Asks: 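Dropping a structure here in structure tokens format, bear with me for questions.
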Amino acid sequence: MKVLVATEKPFAKVAVDGIRKVVEHAGYELVLLEKYTAKQQLLDAVADADALIIRSDNVDAEVLEAAKQLKIVVRAGAGYDNIDLAAATAHNVVAMNTPGQNSNAVAELALGLMVMAVRNMYNGTSGTELKGKKLGIHAYGNVGRNVARIAKGFGMEIYAYDAYCPDEAMVADGVTPLHSAEELYATCHVVSLHIPATAETKGSINYALLAHMPKGGLLVNTARKEVINEDELIQFMQERQDFRYVTDIMPAADQKMNELFAGRYFSTPKKMGAQTAEANINAGIAAAKQIVDFVENGVRRFQVNK
Ligand code: 3PG
């Protein structure tokens, strides 16, 4: 049984060591493909893999076609928009994610980006504080809940909108549920995005929605770039000189946005939300254990394809 870890953005070494331990303890072989630069390298590496662990790496129909022996692919992380689920099903491959394993890391970065933005990107001028400000959490899943927990420590007033999460779960956390995205954006000084990239959400953060935000509004994106309608965001930021956007997922128009919106736009050069030793260990080892559990016991918990 060959387990391939294919990570364009590698895990911390300590996490790889942990994955190796789980895989070798089960009597399987671990193969590493890190920092690859061409798709062909992935196509070659998957050819004889029985199981695959990935991060944001693209597993499309071509990769699945090349992976003749593959039985299972586990996305070590939350979002699985990088896996072609229909193609996985067509190739008889089980696809899983590891929900919750890296969510604290992403939540900490969301708060870090907020602090940086309200302190004017640390440029030496007087900024503002998060305390007493209204925070809107857009989607109340694993990351959203961690953002609420941390933001409480900052003394923020916390609101959330999530069409799939019952009000009671938010209320139990001391979070005020709102019932539309428009209401959330109109209410909050800061909005933190935690929606997945799906057919329904892609491009959904658009001019009309952002226009609800109050003066001095701040949007923090540690989710996916695809959920943003980039052209409309740029148009909105040109019209609303008070509005700030900080993101962990570099927009296609990063250079242009840096030029146009200096001081109120920031993107990390590479997605860093889940890039902590702890998150790498948690998600990587969970992925390895899920593979062993599937192969040995047929356990399909966390399967995301039908
Ligand atoms: C996730 O969906 O788990 C996060 O976006 C982390 O992605 P990464 O593994 O590419 O850092």
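Side chains are part of it too, since the values below use all heavy atoms of this structure and drop only hydrogens, waters and symmetry mates. Ligands are counted one by one from 1 in listed order, and the atoms in each one are counted from 1 as well. Because the structure is a prediction, the values reported are computed rather than measured.
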Asks: Identify the protein heavy atom lying closest to atom 11 (O) of ligand 1, giving its residue, its atom name and the separation to 0.1 Å.
Replies: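 Residue, atom and distance for the closest contact: Lys9 NZ, 2.8 Å.
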Asks: Enumerate the atoms of ligand 1 whose separation from the nearest heavy atom of Ala274 is less than 4.0 angstrom.
Replies: 6 (C), 11 (O)
Asks: Taking all non-hydrogen atoms of both residues into account, name the closest pair between Val5 and Ile19 and its distance.
Replies: CG2-CG2, 4.2 Å
Asks: Do any N or O atoms from the side chain of Lys71 and from the backbone of Gln69 form a donor-acceptor pair under 3.5 angstrom?
Replies: yes
Asks: Could you see which bit of Asn102 sits under 4.0 Å from ligand 1, with heavy atoms only: side chain, backbone, both or neither?
Replies: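 Contact part for Asn102 vs ligand 1: side chain (C-beta onward).
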Asks: Are Glu230 and Lys225 within salt-bridge range, i.e. N to O under 4.0 Å?
Replies: no
Asks: Please list, in number order, the atoms of ligand 1 under 4.0 Å from a heavy atom of Gly79.
Replies: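 Listed by number with element: 1 (C), 2 (O), 3 (O).
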Asks: Indicate yes or no: does Lys2 engage Asp50 in a salt bridge with an N to O separation below 4.0 Å.
Replies: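 Salt bridge absent between Lys2 and Asp50.
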Asks: Looking only at distances, please establish whether an N/O atom of ligand 1 is found under 3.5 Å from an N/O atom of Gly77.
Replies: no
Asks: Looking only at the aromatic ring of each residue, does the gap between the centers of Phe236 and Phe243 stay below 6.0 angstrom?
Replies: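 Yes; Phe236 has its ring centre under 6.0 Å from that of Phe243.
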Asks: Give me the ring orientation class for His138 and Tyr185: parallel if the planes are under 30° apart, tilted from 30 to 60°, perpendicular past 60°.
Replies: perpendicular
Asks: Looking at non-hydrogen atoms alone, which of Ala197, Ala78, Gly284, Pro99 comes nearest to atom 3 (O) of ligand 1?
Replies: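 Residue with the shortest heavy-atom distance to the ligand atom: Ala78.
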Asks: Which residues pass the side chain to side chain contact (heavy atoms under 4.5 Å, CB included) test with Ala160, not counting sequence neighbours?
Replies: Ile137, Tyr140, Met170, Val175
Asks: When you measure from atom 10 (O) of ligand 1 to every protein heavy atom, which one gives the shortest distance, and what is it?
Replies: Ser56 OG, 2.5 Å
Asks: Judged on heavy-atom distance to atom 7 (O) of ligand 1, which of Lys271, Met272, Arg55 sits nearest?
Replies: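 Shortest heavy-atom distance from atom 7 (O) of ligand 1: Lys271.
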Asks: Specify side chain, backbone, both or neither for Arg224, according to which of its non-hydrogen atoms lie closer than 4.0 Å to ligand 1.
Replies: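 Under 4.0 Å from ligand 1, Arg224 contributes side-chain atoms alone.
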